[in-house]
S.K.: 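The structure's right below; bear with me while I get my questions together.
Atom set for the values below is all heavy atoms of this structure, side chains included, hydrogens, waters and symmetry mates excluded.
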Amino acid sequence: MLSSRYAILLAILAQISLGCSGASMKTVSPQDREVVKRFEKITVPGKIAAADRTGWEKTLVLLPEDHPGRIPLRDRLAESYAASFEKLPEGELSKRLDLFTSGLALHVPSDFQTSKVAEALVKPAGWITDRYESRGDEAIVLASLRFMMLARPDDARHEERYKELSEWSESVRMTIADEVERLSSVCDVYLKVAKLVPDRELVDHLAGLLVKRHAAMLRLLDELEWSKVDQSGFMFQMLMQRAGMGKDIVHIYFLAGDPTEALAPMRKMGLDSGVGAQFIELLEDILEGDDPAESYFALAGVFARNDPRSELRACITARSLDRKDPRFPICIGMAFETLGRSESAVDFYVEAAEIAPEEEIYAAVLDRVQAALFDLHRTEKTVEAQKVIEVGDRLAQEALALEDIGEELIPVTAASLLHTAGLVEFDDGRISAAENHFLRAHEIWPPLFGAVDKLVEIKQAQGKHKEAISILDGAMSAKSPGARKPSDFWMAVFLERRADSLLADGRAGAAKKDYRKALGKWEDSETPVEIMPVEALRIGIIQDRLGNDEASAESFRKAIRLDSDRSSTYAGILSFLVTGDRLEEAKEFYRLAFNQDRIEAMWKIYFSLWMEGFSRRKSGKSFDLARGYLEQSDGKSWQDDLARFFSGRITADKLRGRAANVGQNVETDFYVSVKLLSDGKKSDATPLLHKVLESDLMGFFEYPMARALLGK
């Protein structure tokens with residue numbers, strides 16, 4: 001289990017307001033060779049594997065609507081989603097729904113207007129309709145029926161079911177007394193449908209409902225004024241947001257392909273009714289060709305919060321209309337990130353830097369690449385993350401080579417990106433590469449003390465304590481060019497680190513002096529509230545090193561009181577105590593974690609494994625509370641598999657067969673070794689503990705635990 005949990009400083013691109021999308025183009029026959037020459041040729045594969053979908057989807061969304069390869073590529077992707085849909089067990093409702101809606105998202109508005117939809121999704125649509133109708137999820141069912149109406153126009157059953165359900169959906173809401181709320185409730189259902197299947201008939205019906213809702217809102221305001229009820233500006237604003245024209249009606253016509261078609265109903269209502277002049281101006285600029293790229297860019301910002309797919313399409317349109325503005329590819333990249341496709345985002349950040357190789361653009365690009373890298377690491381896309389690291393290295397080098405850069409902006413953003421690359425590599429066990437990134441990050445921006453701390457952590461884990469002490473001495477003395485004196489916080493961390501290395505090097509007296517100095521620095525440190533649990537945890541460990549058992553335990557209790565929901569605090573305390581054979585003290589903190597409802601089951605399983613494993617190894621007896629938790633853990637997660645193994649419900653071979661990545665294989669080695677040790681089989685356990693250390697996964701709690709066990 002990963003022990004490092006780090007926060008990325010994501011700079012807000014204040015100079016970049018979001019906005020952009022796709023205007024429909026005239027349909028072109030693939031046989032028209034003169035027209036086909038306008039397009040870049042693509043080779044559509046006969047079959048697309050699930051692992052390859054992301055890359056092909058990126059290609060698809062960038063194709064013009066009339067590209068001759070778009071519909072064949074869309075259909076291959078739809079077939080891929082349908083195949084994955086069929087492979088899933090029928091009980092996986094939410095996962096099946098995600099696959100179906102992802103298939104629907106492959107379409108562009110013109111597909112729904114011309115009924116040229118992907119045939120492969122018809123069977124999943126029928127299944128979704130049958131299963132979700134009984135669950136009362138009317139929007140999903142209406143969208144599925146709407147799709148089948150377009151795919152099978154000769155089958156009247158789908159239209160009959162759609163009309164029956166839509167009429168029921170509207171009529172059942174007649175019981176809502178407030179007219180604005182009643183119409184809003186109906187509009188919310190149809191807006192969900194329109195996001196999935198925005199054919200023109202549905203959008204026109206929804207537009208009519210929005211106009212009615214707006215009129216009802218105006219009547220309500222008149223009644224309030226007539227009754228002399230005082231109205232605050234805030235109340236008026238909230239009413240306008242809930243029932244006013246503008247964003248919603250522009251959004252639905254954008255979904256249908258052409259946002260300018262919202263102009264007619266908006267003009268009909270009139271500006272004096274609160275329609276919103278800014279939206280009318282945007283649409284008029286698009287209609288008249290007055291910098292439409294800027295208008296689509298602005299629309300992307302409007303859609304960003306509630307509909308990232310529309311945001312992406314708006315960004316793509318802005319970019320297609322103006323390829324010289326770096327904001328537009330950044331807009332595309334950020335929309336891809338919102339959709340969970342960070343691997344598709346990075347190319348557009350690179351494009352932005354190529355368009356405008358300037359300090360502010362490079363700083364924005366480096367920030368976004370860092371965010372994408374963190375997201376890929378968080379979602380365990382190791383291969384994709386490594387590719388982004390390579391891109392980040394190049395971008396950082398290019399940014400630092402710019403002629404006109406300030407003293408801090410580029411060095412700070414470049415160092416931060418390289419530091420994140422090092423953290424990713426550290427967690428993945430690529431220690432040599434991580435060291436290089438930490439060294440480079442600290443060299444570029446010496447005040448980046450987090451990089452120094454990770455370098456020292458690596459040296460200490462490798463047993464290279466003299467090197468660790470040398471690095472710490474250099475950082476604390478701040479004698480290198482551009483160096484700054486560490487803050488009290490970092491001085492406390494570094495003094496504790498140095499004391500650990502001095503102690504390991506046999507210099508107990510010097511170590512105690514540094515531990516005491518570290519306590520002094522913690523007392524002087526102006527610690528932010530969010531860091532206080534970390535401070536209390538570190539003080540508890542230092543007090544333990546100094547032999548102050550009661551002060552240590554009290555500091556641990558304080559760390560938990562400061563944030564009783566913080567899983568990593570319990571993990572730090574428990575891993576420290578069990579590896580020190582302090583089981584009786586560990587039981588107190590285990591019970592606190594056990595009784596905390598907000599601690600995830602995943603963490604409680606790990607804590608129980610540590611407590612039960614180390615209890616049996618030390619005393620030959622089980623710790624009943626931990627054993628009972630493991631015996632009752634029977635979910636679908638990897639941690640549940642660990643619990644099943646440790647409680648004797650599956651074998652070690654079965655557990656190893658379920659391990660899906662390097663980290664899980666290392667955890668298998670560790671927990672199998674702990675179980676062997678508890679059974680008195682030290683000779684069988686030792687090779688597995690060595691394998692844990694050979695993995696170089698120093699970011700896992702199990703790594704220092706394995707080292708501690710080997711030391712015993």
Side-chain angles (χ1 to χ4, degrees), residues 19-45 48 53-78 102-118 150 197-200 253-261 283 285-287 289 291-300 303 307-333 335-336 339 341 344-345 347-348 351-352 354-355:
C20 354
S21 173
S24 298
M25 300 173 67
K26 183 180 178 182
T27 303
V28 179
S29 169
Q31 284 72 39
D32 188 340
R33 294 183 180 180
E34 293 303 315
V35 175
V36 170
K37 287 180 181 177
R38 293 190 293 115
F39 302 116
E40 182 180 344
K41 184 178 180 181
I42 65 166
T43 302
V44 178
I48 297 176
R53 280 200 292 254
T54 298
W56 282 111
E57 284 188 53
K58 175 185 166 187
T59 300
L60 178 69
V61 299
L62 293 173
L63 292 177
E65 289 191 19
D66 55 345
H67 192 291
R70 184 185 65 80
I71 288 180
L73 178 56
R74 180 204 69 185
D75 289 346
R76 296 297 84 73
L77 283 163
S102 294
L104 290 179
L106 301 170
H107 297 82
V108 297
S110 62
D111 294 340
F112 296 114
Q113 315 317 331
T114 60
S115 298
K116 292 181 179 179
V117 295
L150 298 172
V197 187
D199 71 277
R200 184 54 185 268
Y253 278 106
F254 177 82
L255 290 170
D258 187 356
T260 63
E261 293 186 342
L283 300 181
D285 287 345
I286 292 172
L287 198 62
D291 199 2
E294 190 69 32
S295 296
Y296 276 110
F297 185 59
L299 284 178
F303 303 143
D307 188 359
R309 293 192 185 280
S310 288
E311 175 195 6
L312 175 61
R313 194 158 62 86
C315 297
I316 289 171
T317 299
R319 173 177 172 268
S320 71
L321 293 167
D322 183 353
R323 299 299 292 264
K324 295 182 179 180
D325 193 322
R327 294 175 302 163
F328 302 158
I330 289 177
C331 175
I332 294 174
F336 269 125
L339 288 165
R341 302 292 175 84
S344 297
D347 287 346
F348 297 99
E351 179 182 319
E354 291 172 348
I355 292 171

S.K.: Mark yes or no: Arg313 above the aromatic ring of Phe254, with NZ or CZ under 6.0 Å from the six-membered ring centre and no more than 45 degrees from the axis.
M.R.: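 Pair Arg313/Phe254 counts as cation-pi.
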
S.K.: Just verifying a value: how many Å separate Leu299 CG and Ile286 CD1, rounded to the nearest 0.5 Å?
M.R.: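 CD1 of Ile286 is found 5.0 Å from CG of Leu299.
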
S.K.: Just verifying a value: how many Å separate Asp66 CG and Ile71 CD1, rounded to the nearest 0.5 Å?
M.R.: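 The CG atom of Asp66 sits 10.0 Å away from the CD1 atom of Ile71.
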
S.K.: Can you sort out the partners of Thr260 under side-chain hydrogen bond (donor to acceptor under 3.5 Å, both in side chains), two or more places apart, ordered by chain and number?
M.R.: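 For Thr260 the side-chain hydrogen bond (donor to acceptor under 3.5 Å, both in side chains) partners, ignoring immediate neighbours, are Asp258.
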
S.K.: Mind checking what makes salt bridge (charged side-chain N to carboxylate O under 4.0 Å, His left out) contact with Arg341, not counting sequence neighbours?
M.R.: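 For Arg341, the residues satisfying salt bridge (charged side-chain N to carboxylate O under 4.0 Å, His left out) (neighbours in sequence not counted) are Glu57.
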
S.K.: Could you tell me which residues satisfy side-chain contact (heavy atoms from CB on, under 4.5 Å) with Ser115, sequence neighbours excluded, listed by chain and number?
M.R.: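 For Ser115, the residues satisfying side-chain contact (heavy atoms from CB on, under 4.5 Å) (neighbours in sequence not counted) are Leu150.
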
S.K.: Does Ala345 have any side-chain contact (heavy atoms from CB on, under 4.5 Å) partners at least two apart in sequence or in another chain, and if so, which?
M.R.: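 side-chain contact (heavy atoms from CB on, under 4.5 Å) check on Ala345 returns Phe336, Glu337, Tyr349.
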
S.K.: Could you walk me through whether Leu321 and Asp291 pass the side chain to side chain contact (heavy atoms under 4.5 Å, CB included) check?
M.R.: CA-CA 9 Å; Leu321 293 167; Asp291 199 2; over 6 Å; no

S.K.: For His67, check ring-ring contact (aromatic ring centres under 6.0 Å, His included) against everything at least two apart and list the hits.
M.R.: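 Phe39.
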
S.K.: Assess whether side chain to side chain contact (heavy atoms under 4.5 Å, CB included) is satisfied between Val108 and Arg70, documenting all intermediate values.
M.R.: CA-CA 10 Å; Val108 297; Arg70 184 185 65 80; 3.5 Å; yes

S.K.: Identify the heavy atoms of Glu65 and Ser110 that sit nearest to each other, and give their distance.
M.R.: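 Reported closest heavy-atom pair: OE1-OG, 3.0 Å.
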
S.K.: Tell me, please, which residues at least two apart from Asp199 pass salt bridge (charged side-chain N to carboxylate O under 4.0 Å, His left out).
M.R.: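 By the salt bridge (charged side-chain N to carboxylate O under 4.0 Å, His left out) rule, Asp199 matches Arg146.
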
S.K.: Go through the steps to decide whether Trp56 and Arg76 satisfy the test side chain to side chain contact (heavy atoms under 4.5 Å, CB included), and finish with yes or no.
M.R.: CA-CA 10 Å; Trp56 282 111; Arg76 296 297 84 73; over 6 Å; no

S.K.: Which residues pass the side-chain contact (heavy atoms from CB on, under 4.5 Å) test with Glu351, sequence neighbours left out?
M.R.: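 Partners of Glu351 by the side-chain contact (heavy atoms from CB on, under 4.5 Å) criterion, ordered by chain and then number, come out as Arg319, Arg323, Pro329, Phe348, Ile355.
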
S.K.: Closest heavy-atom contact between Leu255 and Pro198?
M.R.: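 Smallest interatomic distance, heavy atoms only, reads O-CG, 3.3 Å.
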
S.K.: As an exercise, state the distance from OG of Ser102 to CZ of Arg309, rounded to the nearest 0.5 Å.
M.R.: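 Nearest 0.5 Å value for the OG-CZ distance: 5.5 Å.
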
S.K.: Over all heavy atoms of both residues, which pair between Leu104 and Val197 is shortest? Give the atoms and the distance, please.
M.R.: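 Looking at all heavy atoms of both residues, the closest pair is CD1-CG2, 4.2 Å.
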
S.K.: Using the salt bridge (charged side-chain N to carboxylate O under 4.0 Å, His left out) criterion, which residues pair with Asp322? Sequence neighbours excluded.
M.R.: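 Per chain and number, Asp322 pairs via salt bridge (charged side-chain N to carboxylate O under 4.0 Å, His left out) with no residue.
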
S.K.: For Gln113 and Ala256, work out which heavy atoms get closest and say how close.
M.R.: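 What the structure gives for the nearest pair is NE2-O, 3.2 Å.
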
S.K.: Could I get the full list of side-chain contact (heavy atoms from CB on, under 4.5 Å) partners for Asp285, not counting sequence neighbours?
M.R.: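 Asp290, Ser295.
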
S.K.: Is the backbone N or O of Ala118 less than 3.5 Å from a side-chain atom of His107, with the two atoms forming a donor-acceptor pair by type?
M.R.: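 Checked: pair present.
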
S.K.: When rounded to the nearest 0.5 angstrom, what distance separates NZ in Lys58 from CD1 in Ile332?
M.R.: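 Rounded to the nearest 0.5 Å, the NZ-CD1 separation comes out at 10.0 Å.
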
S.K.: Determine whether Ile316 and Leu312 make a side-chain contact, defined as any pair of heavy atoms from C-beta on separated by less than 4.5 Å.
M.R.: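 Yes; the side chains approach each other to less than 4.5 Å.
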
S.K.: For Arg53, enumerate each residue passing the salt bridge (charged side-chain N to carboxylate O under 4.0 Å, His left out) test, keeping only those at least two apart in sequence or located in another chain.
M.R.: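 Expected list: none.
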
S.K.: Which atom names give the shortest non-hydrogen contact between Gly69 and Ile42, and what distance separates them?
M.R.: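 Between these two residues, the closest heavy atoms are O-CD1, 4.1 Å.
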
